[in-house]
Amino acid sequence: MKFWWVVYIGAIAMTAGCDQASDSIVAQVGPHSISTASLHAFVSGLPEGLRVEDQGQAARKRYLQDLVDSRLLLMEARARGLDTTEAVRTAVRDAIDTRARNLYRHRKIDGKISVTEEEVRQRFKSEGYDVERKLYAILVDSREDILAIAEELRRGKPFEEVAQARSLDKRSAERGGELGFIGPDMALRLNIPLEVFRTLPLRAVSEPLQASGRWHVIRFTEERPGDFGKFGDFIRSRLTRERAMQAEGEHLEELERVFQVRLDAEVLNKLVGAFRAQTLESLSTDPSELYRYDKGAISLREVLQGSQRMLLYRALADSAGPIVGMRKTILRPFLLAEAAKRAGIYDEPEIRQLEQERLEDALLETLKKVAITQQIDVSEEEARQFYDNHPELFHHEAMTWVEELLLSTEAEARQVRLELEAGTSFGELAERSQRKSAAKNAAQFHFHPREKVLYPKLVPAIMGAEPGELIGPMEVKDGFSLFRVLRREESKVEPFSLSKRRARALVRRQWENQRLEALVKELRAKYASQITIDESLLQQALPDELVGS
């Protein structure tokens, strides 16, 4: 079977809302109708790698069979009663609540927030972004060293001379400690308090300042106007977020008043006590009402259900205390959902369609878990045999590991380089990178020589760089790159000790595919009397341009 479980999930998602009564019905699978429109939508939305190799009528039949099989799996899931399980109900409820809350928030709160150009410029000036100052610094390891340097400077020794002789930042030391013009944003990243940035007189030397485990003294020698274009969007976005948070807080306070929300202190004390005693599970069926409101209550049982449980742990561990934590983490999401219900959002077509999609997704995933995944246990011996039989799957090309940041502008990249040179790690700056998964991977990536096709400038530069050397900013596709080579690995077959998990996963996937084929074959026979297909409509649903001739 070319497709795996993802095809059936995709078949449900891509055909949602397409089986309209006005469309011709190409297949009937129990209660499920498959229209020409839904079949067309399914095939049109398939990525190239999931298309069948057949063409013409053979391809049409294969694609239709995939849709039929997805409906058979849904029928089997319901026949097994999986639609009544807590896992399925929770997955559907969470998806609906999240979408409804977001729609309500956008319409009632976020959609009413505006920030004017004048307000952005006022904030630009009030926070000091309208001035950039040219920075010089001397960086050392210890407080004793910085005090000795401060004494040398007080005695009149030139700042540039001391920087050249003593600063650990060799790049700036060569220029007498010069790091270039910075604004308040960069000052904070370079461990310079805003008060010092704003008030230190020109050419005056600061008191010793801590800098990420090290120490430095600084001075400013020049000033120039800040670039509004550089910070305007950032300030506007921050102002918008601030106002959204304030508006949401005020709106939620109003909802608490309108809904007449009351906290039962005794029930909260019971909850906190169970949390501290690590016996929260004992309250999982407790109907005690933690909050009461005009149309009902929120019970302990409810806050300990499904995804709410993790939110509850976070609320009870909140540093501001359990009352604040519960209000922020448990009560406020509930209030938004309740307000969305009273506004009729849960009855809107978008929410109803989402409910159907998420229900079917959850049914398929639960059926997979119950009928396939839970039945498979791959031993180490079986994984080892697969590894021995398929060494080509565990062959590592030569690769170079690097720390790399991709910035959108050269100016931003130069500022980031200053931070790296001042001792900030790539990982600490990973969230500012435009590279996908940079934050997740702490800005560490590996590149293969063959990837020169994808990165025609970056890969040759990486292959030619010395380990440990900071390179950039270098203009590449989509921005400006800063990188440092960590290590190089030669081409080799990875040993089993390192490949064990992957080998086991590949065996598991192979067995899952086999079990899926067997399950689908069984369901085709089981529900054969409930399947009708009109092949005469296949050409209408899938014209030649979709399947070849």
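Worth saying up front: this structure is predicted, and the values here are computed from it rather than measured.
- Between S288 and D286, the side chains place a donor N or O and an acceptor N or O closer than 3.5 Å (distance only, hydrogens not considered).
- The side-chain tip of R262 does not point at the ring of Y291 from less than 6.0 angstrom away and within 45° of straight on.
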Side chain to side chain contact (heavy atoms under 4.5 Å, CB included) assessment of L290 paired with D264: CA-CA 5 Å; L290 180 62; D264 189 315; 5.8 Å; no

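- T90 places no side-chain N or O within donor-acceptor distance of the main-chain N or O of A87, the cut-off being under 3.5 Å.
- Ion pairing of E242 with R123 is present here, as a side-chain N (NZ or NE/NH1/NH2) and a carboxylate O approach within less than 4.0 Å.
- When side chains are defined from C-beta on, F181 does not count as touching L135, because their heavy atoms never get closer than 4.5 Å.
- For the residue pair S237/R241, the side-chain donor-acceptor check at 3.5 Å is satisfied.
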Candidate pair K457 and E475, rule salt bridge (Lys or Arg N to Asp or Glu O under 4.0 Å), full reasoning: CA-CA 8 Å; K457 293 184 68 175; E475 186 172 6; 5.3 Å; no

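- Within 6.0 Å of the CD atom in Q374, the count of heavy atoms belonging to other residues, nucleotides or ligands exceeds 12.
- Separation of atoms CZ (R276) and CG (L271) is listed at 10.5 Å; rounding is to 0.5 Å.
- One side chain, Q353 or E357, offers a donor N or O that lies under 3.5 Å from an acceptor on the other.
- A 6.0 Å sphere centred on CZ of R501 holds no more than 12 heavy atoms belonging to other residues, nucleotides or ligands.
- The ring-ring contact (aromatic ring centres under 6.0 Å, His included) pairs that include a residue from residues 314-347 are Y293-F334, where partners are two or more places apart or lie in different chains.
- We find that R417 and E421 are joined by a salt bridge, their nearest charged nitrogen and carboxylate oxygen being less than 4.0 Å apart.
- Nearest heavy atoms, A163 versus A137: CB-O, 4.4 Å.
- Between R101 and A337, the closest heavy-atom pair is CG-N, 3.6 Å.
- Of all heavy-atom pairs spanning L312 and I330, the tightest one is N-CD1, 3.9 Å.
- Separation of atoms CG (L67) and OG (S70) is listed at 5.0 Å; rounding is to 0.5 Å.
- The pair E222-R133 does not count as a salt bridge, with every side-chain nitrogen at least 4.0 angstrom from each carboxylate oxygen.
- Between the T85 side chain and the L82 main chain, a donor and an acceptor come within less than 3.5 Å of each other.
- A salt bridge links E355 to R352: at least one charged side-chain nitrogen sits closer than 4.0 Å to a carboxylate oxygen.
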Trace of the side-chain hydrogen bond (donor to acceptor under 3.5 Å, both in side chains) decision for Q415 with E419: CA-CA 7 Å; Q415 286 188 338; E419 295 180 60; over 6 Å; no

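- At least one donor-acceptor pair under 3.5 Å links the side chain of R89 to the backbone N or O of T84.
- Note on R327 versus E256: salt bridge recorded, some NZ/NE/NH1/NH2 to OD/OE distance being below 4.0 Å.
- Here the closest heavy-atom approach between residue S206 and residue V196 is recorded as CB-CG1, 4.5 Å.
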CA sep, side-chain torsions, deciding dist, call: R342, E338, salt bridge (Lys or Arg N to Asp or Glu O under 4.0 Å): CA-CA 6 Å; R342 300 189 189 192; E338 179 67 17; 3.0 Å; yes

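- Of the inter-residue distances, the one linking E132 atom CD with D227 atom CG reads 7.0 Å to the nearest 0.5 angstrom.
- Using a distance-only test at 3.5 Å, with no hydrogens or angles considered, a donor-acceptor pair links the side chain of S35 to the main chain of S38.
- A 4.5 Å side-chain heavy-atom check between R332 and L336 finds every atom pair outside the cut-off.
- Going from atom CZ of R214 over to atom CG of L139 covers 5.5 Å, rounded to the nearest 0.5 Å.
- Judged purely by atom type and a 3.5 angstrom limit, T366 has no side-chain atom pairing as donor or acceptor with the backbone of L363.
- Under a 4.0 Å N-O distance rule, the pair E76/R80 qualifies as a salt bridge.
- At least one side-chain heavy atom of V115 sits less than 4.5 Å from a side-chain heavy atom of L239.
- Within the 4.5 Å cutoff, no side-chain heavy atoms of R414 are placed close to those of L407.
- Enclosure of atom CD1 in I323 is not indicated, since only 12 or fewer non-hydrogen atoms of other residues, nucleotides or ligands lie within 6.0 angstrom.
- There is a side-chain donor-acceptor pair under 3.5 Å between S425 and E428.
- Counting only N and O atoms by type, the side chains of N102 and R99 include no donor and acceptor under 3.5 Å apart.
- Interatomic distance, F197 CZ to L188 CG, rounded to the nearest 0.5 Å: 9.5 Å.
- Looking at R219 and T221, their side chains come closer than 4.5 Å, going by heavy atoms from C-beta outward.
- Using bins of under 30°, 30° to 60° and over 60° for the plane-to-plane angle, the ring pair Y129/F124 lands in the parallel bin.
- The side-chain tip of R203 does not point at the ring of F159 from less than 6.0 angstrom away and within 45° of straight on.
- Between S481 atom OG and R435 atom CZ the span is 6.0 Å, to the nearest 0.5 Å.
- Enclosure of atom CD in E117 by more than 12 non-hydrogen atoms of other residues, nucleotides or ligands within 6.0 angstrom is indicated.
- Counting only distance, with no hydrogens or angles, the side chain of T424 and the backbone of L420 share no donor-acceptor pair below 3.5 Å.
- Summarising the geometry of F445 relative to A438, their closest heavy-atom pair is CZ-CA, 3.7 Å, with the distance given to 0.1 Å.
- The backbone N or O of M326 sits nowhere less than 3.5 Å from a side-chain atom of T329 that would complete a donor-acceptor pair.
- You'll find the side chain of I218 reaches within 4.5 Å of the side chain of L200, heavy atoms only.
- No salt bridge links R484 with E404; every basic N to acidic carboxylate O contact stays at or beyond 4.0 Å.
- For S126 and Q122, the side-chain atoms include no donor-acceptor pair closer than 3.5 Å.
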Chi angles and distances behind the side chain to side chain contact (heavy atoms under 4.5 Å, CB included) call for N191, L209: CA-CA 8 Å; N191 300 287; L209 303 169; over 6 Å; no

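- Summarising the geometry of P208 relative to I146, their closest heavy-atom pair is CB-CG2, 3.6 Å, with the distance given to 0.1 Å.
- A 4.5 Å side-chain heavy-atom check between S167 and V140 finds every atom pair outside the cut-off.
- R314 places no side-chain N or O within 3.5 Å of a backbone atom of G325 that could act as its donor or acceptor partner.
- The closest side-chain heavy-atom distance from R121 to F228 is below 4.5 Å.
- Ion pairing between E250 and R257 fails under the 4.0 Å rule for side-chain N and carboxylate O.
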Test log, rule ring-ring contact (aromatic ring centres under 6.0 Å, His included), inputs Y136 and H216: CA-CA 10 Å; Y136 286 73; H216 62 179; over 10 Å; no

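- K108 NZ: 12 or fewer foreign heavy atoms inside a 6.0 Å radius.
- Formation of a donor-acceptor pair under 3.5 Å by the K477 side chain with backbone atoms of Y455 is not found in this model.
- A salt bridge links E119 with R243: the closest approach of a Lys/Arg side-chain nitrogen to an acidic carboxylate oxygen falls below 4.0 angstrom.
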